Amino acid sequence: MAEVKSNELMEKIVSLCKRRGFVFQSSEPYGGIQGFWDYGPLGTELKRNVKELWWQTMTRFRDDVVGLDATIIMHPQIWRASGHVDTFSDPMCDCRITKKRFRADQVDPQSGTAYHYTGAVDPSTGKSVEEPFSVLIPSNKPPESARKVATQFFVLRGLKEVQLQGERSESVADSIRYNPDNGALLTEPRPFNLMLKTYVGPVADEENVAYLRPETAQAIFVQFKNVLDTSRQTVPFGIAQVGKAFRNEVTPRNFTFRSREFEQMELEFFIRPDEAVEALAGPVAEVSLEGWKQEPQPNWGWEVWHKYWVEQRLRFYEGIGLSRSTLEEYWQKPDELAHYARATVDILYKFPFGTQELEGIAARGDFDLTQHQKHSGKSFEVFDEEVKNAWAKLEEPRKLEIHQRTTAVRLQALLKKGVSASEAPAQAEAEAKAFFEKLAKGHYLPHVIEPSAGADRLILALICSAYEEEQVTDEKGKTETRVVMRLHPRVAPIKVGVFPLLKNRPELVAKALEVRDLLRAHMSVFYDDAGAIGRRYRRQDEAGTPFGVTIDFDTLGEKPELKDTVTLRHRDSMKQERLPISELLTRLLAAIR
RNA sequence: GCGAGCGUAGCUCAGCCUGGUAGAGCGUCACCUUGCCAAGGUGAAUGUCGAGGGUUCGAAUCCCUUCGCUCGCUCCA
């Protein structure tokens, strides 16, 4: 029941998006193209506002974050270094009978007796199927059970009666080629690469393969040194980027939620490794003290920084109209973490089709810079004079203590990675030694906290959250449904509608146009003189316009004391107030900031 | 990629079973009207019935293929 309702709600939202010009299907006259969406006039304004607010919040209002705008196509080696070429393609295979899909490398290994068939014929019609098929059954089971499964298979191939051909059996151990549920032979594994490929240069051969970026983050890592060298920033600092990314999703679904072309808003915030923080400021701050809700402090290690960014991001969402009650924080469990992450928090929104991810805030350690250093052969280390000096001043026992703790952590990591217990201690010690030799000179690879948000997902969340059907009763006692988009004034595509009360009175129209021109320079304004005033208000309700300004006869001076005043109508409450035109701009600007 | 369902005007949908050549409501546009919350009047536009092919004298309707949407499987940095 709840599901039906949420589907209906989603359909209404999709329908409104099209009707009012928020979102269109891409390439519509050609039948559309799966996983691609266009923004119409209102959607475009909404998206611009959201990206602009993100940019302001993340960069302009801070001293410690700068911007980058990198290309979508980059050197293909980058995607080897980042791990996308390998981990972004999963071999898949299907059960030939039930069509169930498996990750080819994650099928439970099966042992038993395999029965192979070369095909089957239908004795009643003489029809034959030449396709070979195999079934694996436990060795203690009779061949009949294998034949039963094989019969199913050939029935699906169009035979009514099945006479199996060329049966032969062999024993098989630990095979991942058979469906654990029914023993049926799986299809050959097929690779699924989730990166979109293209060719650079006129010749489309393997030498010239390039990829459309599946995330904007890697460009930031790759340009990290250039930004550091030119921006007069020092660690800790961040690089922000907004831009398109592309993923060849298996199943684009849920309207714009999972698209193949989408826009990301990403920050890579580079911090000192905990050892450097400790040398500089003493023991790293504890997360539990809630200091991360304040301004950044020198004694913050990666965990506090991580919490800090989670909090910052939640505040951002609240600031544009997504209340905390519609959001969820999900701390990924250790076994769910991606290969690069130390900790990841997902910020989820309760969409009508389910609670889904809006943003992931990952603590990536120094994984990415290490990878690019390795693959490019160039150094990504920073020189940090403060750390060098601080380390030099540290007492020997403290140095030793920090060193030992780091060695222990590295040892655990190595063991977890599968390095043998005999080799791991020496390797951990060697790694720690190399690290501290560099640290003593002020050299290290920064660690990274990555808040990575999906712009299109956020737009969708804002639209879903804003959509409301309200029962309104007029003075005559008639009840009707008002559809209103309660978009936060900050993000609303149109900030104010300007209406002459009547359009057949030239004086009203002239005055209204004057008001429009006054406001236009400062915000997006929509002028409308068509139909009854109530209809114009309601039309703007569906567009999410927070304010309406109406010019009437009092504006013109019918009642002298009201001359040059207008009606300001509020979308959410439908309340009206009277105020002088001279105060209008100040009032509206305050409300939309 | 597989399975199921769906695709008719801008939107919501009827017509399809039982082929005869397309409709409703809302919306849109113009003019009039309208003295503050969508339903007044007059007039107008709009559909290759998702696309292609087949059967037929004739296809929105029956058959095949294809594309898109929804759900499930699967996947999801």
Side-chain angles (χ1 to χ4, degrees), chain A residues 3-4 7 10-12 14-21 24-36 40 82-84 87-90 92-103 106 156 187 190 192 194-195 214-215 217-218 245 247-255 257-258 264 266 332 336-341 344 346 353 356-357 360 362 364 367-368 450 452 472-475 478 480-484 499-505 508 529-542 548-554 558 566-569 571 574-576 578:
Chain A
E3 262 178 38
V4 174
N7 275 340
M10 211 46 221
E11 275 168 30
K12 281 178 178 170
V14 172
S15 161
L16 181 134
C17 280
K18 168 140 200 213
R19 186 171 69 239
R20 290 279 112 140
F24 304 130
Q25 194 178 19
S26 163
S27 319
E28 207 191 62
Y30 288 88
I33 172 166
Q34 211 180 3
F36 297 89
S82 68
H84 285 83
T87 63
F88 228 56
S89 72
D90 301 319
M92 312 286 295
C93 51
D94 304 306
C95 172
R96 288 173 143 97
I97 293 175
T98 62
K99 305 294 177 196
K100 187 173 169 183
R101 170 153 296 171
F102 296 88
R103 278 273 297 273
Q106 287 179 1
L156 286 171
T187 58
R190 285 164 302 177
F192 266 42
L194 297 184
M195 279 198 291
E215 63 174 29
Q218 294 305 321
R247 292 181 195 178
N248 205 2
E249 296 288 351
V250 183
T251 316
R253 203 149 282 190
N254 288 331
F255 198 29
F257 182 80
R258 179 166 292 129
Q264 291 187 307
E266 292 196 298
Q332 287 190 13
E336 295 170 333
L337 290 173
H339 57 278
Y340 54 73
T344 298
D346 291 332
F353 47 81
Q356 299 272 357
E357 186 184 339
R364 294 173 80 117
F367 175 84
D368 300 276
E450 179 196 83
S452 165
V472 189
T473 310
D474 63 16
E475 301 112 25
K478 252 204 269 177
E480 62 188 12
T481 305
R482 179 172 84 118
V483 174
V484 52
F499 318 117
L501 184 60
L502 300 174
K503 80 161 166 183
N504 57 354
R505 304 288 203 285
L508 284 178
D529 62 11
I533 187 69
R535 180 189 299 250
R536 283 177 265 165
Y537 286 150
R538 296 296 177 87
R539 251 198 294 251
Q540 291 305 313
D541 287 343
E542 272 202 348
V549 168
T550 302
I551 285 75
D552 60 18
F553 295 98
D554 290 334
E558 200 163 273
V566 290
T567 304
L568 179 63
R569 184 258 190 186
R571 174 196 65 200
M574 291 168 55
K575 293 237 168 70
Q576 303 187 349
R578 194 86 201 172

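Letters go in sequence order (proteins before strands), and every chain restarts at 1. In this text, all values refer to a predicted model and were calculated from it rather than measured experimentally.
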Student: What integer distance in Å separates A:Leu502:CG from B:C32:P?
Tutor: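 Atom-to-atom, A:Leu502 to B:C32, this comes out as 12 Å.
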
Student: When the distance from CZ of A:Arg571 to P of B:A38 is rounded to whole Å, what number comes out?
Tutor: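 To the nearest whole Å, that distance equals 18 Å.
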
Student: Side chains of A:Arg247 and A:Glu215: closer than 4.5 Å at any heavy-atom pair?
Tutor: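 Yes, side chains in contact.
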
Student: Determine the interatomic distance between P on B:C16 and the same-named atom on B:A22; round to the nearest Å.
Tutor: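 Here B:C16 and B:A22 have their P atoms 16 Å from each other.
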
Student: Please report, rounded to the nearest Å, how far the C1' atom of B:C36 is from the CG atom of A:Leu508.
Tutor: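 It works out to 12 Å between those atoms.
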
Student: Please state how far atom CZ in A:Phe255 lies from atom P in B:G68, giving the value in whole angstrom units.
Tutor: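 In whole Å, B:G68 P lies 17 Å from A:Phe255 CZ.
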
Student: Considering only B:G35, B:U12, B:U33, which nucleotide approaches the side chain of A:Ser15 most closely?
Tutor: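 For A:Ser15, the side-chain atoms sit closest to B:U12.
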
Student: P atom, B:U34 versus B:G41: distance in rounded Å?
Tutor: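 14 Å, rounded to whole Å.
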
Student: For A:Glu450 and A:Gly35, take the nucleotide of RNA chain B holding the closest heavy atom to each; which residue's nucleotide lies nearer the 5' end?
Tutor: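 By nearest-heavy-atom nucleotide position, the 5'-most residue is A:Gly35.
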
Student: Which is true for A:Lys503 with a 4.0 Å heavy-atom rule: it touches a base, it touches only sugar-phosphate, or it touches nothing?
Tutor: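 Base contact - A:Lys503 has a heavy atom under 4.0 Å of at least one base atom.
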
Student: Considering only B:G35, B:C36, B:A38, which nucleotide approaches the side chain of A:Thr567 most closely?
Tutor: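 Nucleotide nearest to A:Thr567's side chain: B:C36.
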
Student: Could you please name the partner base of B:U28, counting Watson-Crick and G-U wobble pairs only when both distances are under 3.5 Å?
Tutor: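 B:A44 - that is the nucleotide pairing with B:U28, both distances being under 3.5 Å.
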
Student: Would you mind telling me which residue lines up with the more 5' stretch of RNA chain B, A:Arg482 or A:Gln34, judged by nearest nucleotide?
Tutor: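 Checking each residue's closest nucleotide, the 5'-ward one belongs to A:Arg482.
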
Student: Quick one: side chain to side chain contact (heavy atoms under 4.5 Å, CB included) partners of A:Asp368, sequence neighbours excluded?
Tutor: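 Only A:Gln218, A:Phe221, A:Arg364 meet the side chain to side chain contact (heavy atoms under 4.5 Å, CB included) criterion with A:Asp368.
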
Student: Mind checking the P distance from B:A60 to B:G20? Whole angstroms is fine.
Tutor: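 One P to the other, the span is 10 Å.
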
Student: Quick one: A:Gln25 CD to B:C69 C1', roughly how many Å, whole number?
Tutor: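 Interatomic distance, CD of A:Gln25 to C1' of B:C69: 7 Å.
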
Student: Please report the closest heavy-atom contact between A:Gln264 and A:Pro214, naming both atoms and the distance.
Tutor: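 Scanning both residues, the minimum pair turns out to be OE1-O, 4.4 Å.
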
Student: For residues A:Phe24 and A:Lys18, report the shortest heavy-atom separation together with the two atoms involved.
Tutor: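 The pair with the smallest heavy-atom distance is CE2-O, 3.6 Å.
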
Student: In whole Å, what separates the C1' atom of B:U28 from that of B:U74?
Tutor: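 Their C1' atoms lie roughly 43 Å apart.
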
Student: Using a heavy-atom cut-off of under 4.0 Å over every strand shown, decide if A:Gln540 touches base, sugar-phosphate, or nothing.
Tutor: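 Answer is nothing: A:Gln540 stays at 4.0 Å or more from every strand.
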
Student: So A:Arg505 and A:Pro500, do their side chains get closer than 4.5 Å, heavy atoms only?
Tutor: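 Heavy-atom side-chain distance check fails, nothing below 4.5 Å.
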
Student: Shortest non-hydrogen contact from A:Val472 to A:Met574?
Tutor: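 Closest pair (atom of A:Val472, atom of A:Met574, distance): CG1-CE, 4.0 Å.
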
Student: In whole Å, measure the gap between the P atoms of B:C71 and B:U55 for me.
Tutor: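 Looking at atom P only, B:C71 and B:U55 are 38 Å apart.
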
Student: Whole angstrom is fine here: how far is it from CD1 in A:Ile533 over to C1' in B:C37?
Tutor: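 Going from A:Ile533 (CD1) to B:C37 (C1'), I get 8 Å.
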
Student: Let me see the working for A:Gln576 and A:Thr550 under side-chain contact (heavy atoms from CB on, under 4.5 Å), right down to the final yes or no.
Tutor: CA-CA 10 Å; A:Gln576 303 187 349; A:Thr550 302; over 6 Å; no

Student: Paired with B:C6: which nucleotide, if any, by Watson-Crick or G-U wobble criteria at under 3.5 Å for both distances?
Tutor: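 Across all strands, the one nucleotide that pairs with B:C6 is B:G68.
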
Student: Using a 4.0 Å heavy-atom cut-off, does A:Asn254 contact any base of the nucleic acid, only the sugar-phosphate backbone, or nothing at all?
Tutor: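 Since only primed, P, OP1 and OP2 atoms lie under 4.0 Å of A:Asn254, the category is sugar-phosphate.
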
Student: Identify the two heavy atoms, one from A:Ala217 and one from A:Glu266, that lie closest to each other, and give their separation to 0.1 Å.
Tutor: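 Shortest heavy-atom separation between A:Ala217 and A:Glu266 comes out as N-OE1, 2.6 Å.
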
Student: Could you list all N or O pairs between the protein and nucleotides 25-28 of chain B that sit under 3.5 Å apart?
Tutor:
from, atom 1, to, atom 2, distance (Å)
B:U28, OP1, A:Arg539, NH1, 2.6

Student: B:C69 P sits how many Å from A:Phe36 CZ, rounded?
Tutor: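 In whole Å, B:C69 P lies 11 Å from A:Phe36 CZ.
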
Student: Searching all strands shown, indicate the nucleotide that pairs with B:C36 (Watson-Crick or G-U wobble; both distances under 3.5 Å).
Tutor: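 Per the H-bond distance test, none.
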
Student: Under 4.0 Å, counting only non-hydrogen atoms across every strand here, what does A:Leu501 touch: a base, just sugar-phosphate, or nothing?
Tutor: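 Base, at least one base atom sits under 4.0 Å.
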
Student: Among A:Arg20, A:Arg569, A:Arg571, A:Arg536, exactly one meets salt bridge (charged side-chain N to carboxylate O under 4.0 Å, His left out) together with A:Asp541. Which residue is that?
Tutor: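 The single option meeting the salt bridge (charged side-chain N to carboxylate O under 4.0 Å, His left out) with A:Asp541 is A:Arg569.
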
Student: Using the C1' atom in both, what is the distance from B:A14 to B:G52, to the nearest Å?
Tutor: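 Comparing C1' positions in B:A14 and B:G52 gives a spacing of 27 Å.
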
Student: Closest heavy-atom contact between A:Phe367 and A:Ser82?
Tutor: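 Smallest interatomic distance, heavy atoms only, reads CE2-O, 4.1 Å.
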
Student: Would you mind reading off the distance between A:Phe353 atom CZ and B:C69 atom C1', rounded to a whole angstrom?
Tutor: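 Between C1' of B:C69 and CZ of A:Phe353: 15 Å.
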
Student: For A:Phe257, which contact category applies under a 4.0 Å heavy-atom criterion: base, sugar-phosphate, or nothing?
Tutor: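 Touches nothing.
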
Student: Please state the P separation for the pair B:A24 and B:G47 - nearest whole angstrom.
Tutor: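 Straight-line distance between the two P atoms is 14 Å.
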
Student: May I ask you to verify if any side-chain N or O of A:Asn504 is less than 4.0 angstrom from the OP1 or OP2 atom of B:C32?
Tutor: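 The answer is no; no side-chain N or O of A:Asn504 sits under 4.0 Å from OP1 or OP2.
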
Student: Provide the distance between the two C1' atoms, one in B:C49 and one in B:U42, to the nearest whole Å.
Tutor: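 Approximately 31 Å lies between the C1' atom of B:C49 and that of B:U42.
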
Student: So for A:Arg569 and B:C36, does any side-chain atom that can act as donor or acceptor lie under 3.5 Å from a complementary atom in the base?
Tutor: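 Counting by modelled atom types and ignoring angles, no donor-acceptor contact under 3.5 Å is found here.
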
Student: Identify all pairs in which a protein N or O lies below 3.5 Å from an N or O of nucleotides 42-48 of chain B, and state each distance.
Tutor:
none

Student: Both distances under 3.5 Å, Watson-Crick or G-U wobble: report the partner of B:C49, or none.
Tutor: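 For B:C49, the partner nucleotide comes out as none, under the 3.5 Å rule.
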
Student: Would you please indicate if the ring centroids of A:Phe353 and A:Phe257 are separated by under 6.0 Å?
Tutor: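 Yes, ring centres under 6.0 Å apart.
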
Student: Minimum heavy-atom separation for A:Asp552 and A:Thr567, please, with both atom names.
Tutor: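 Closest approach of A:Asp552 to A:Thr567: OD2-OG1, 4.1 Å.
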
Student: Using both distances under 3.5 Å as the test, list the Watson-Crick or G-U wobble partner of B:G20, or none.
Tutor: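 For B:G20, the partner nucleotide comes out as B:C57, under the 3.5 Å rule.
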
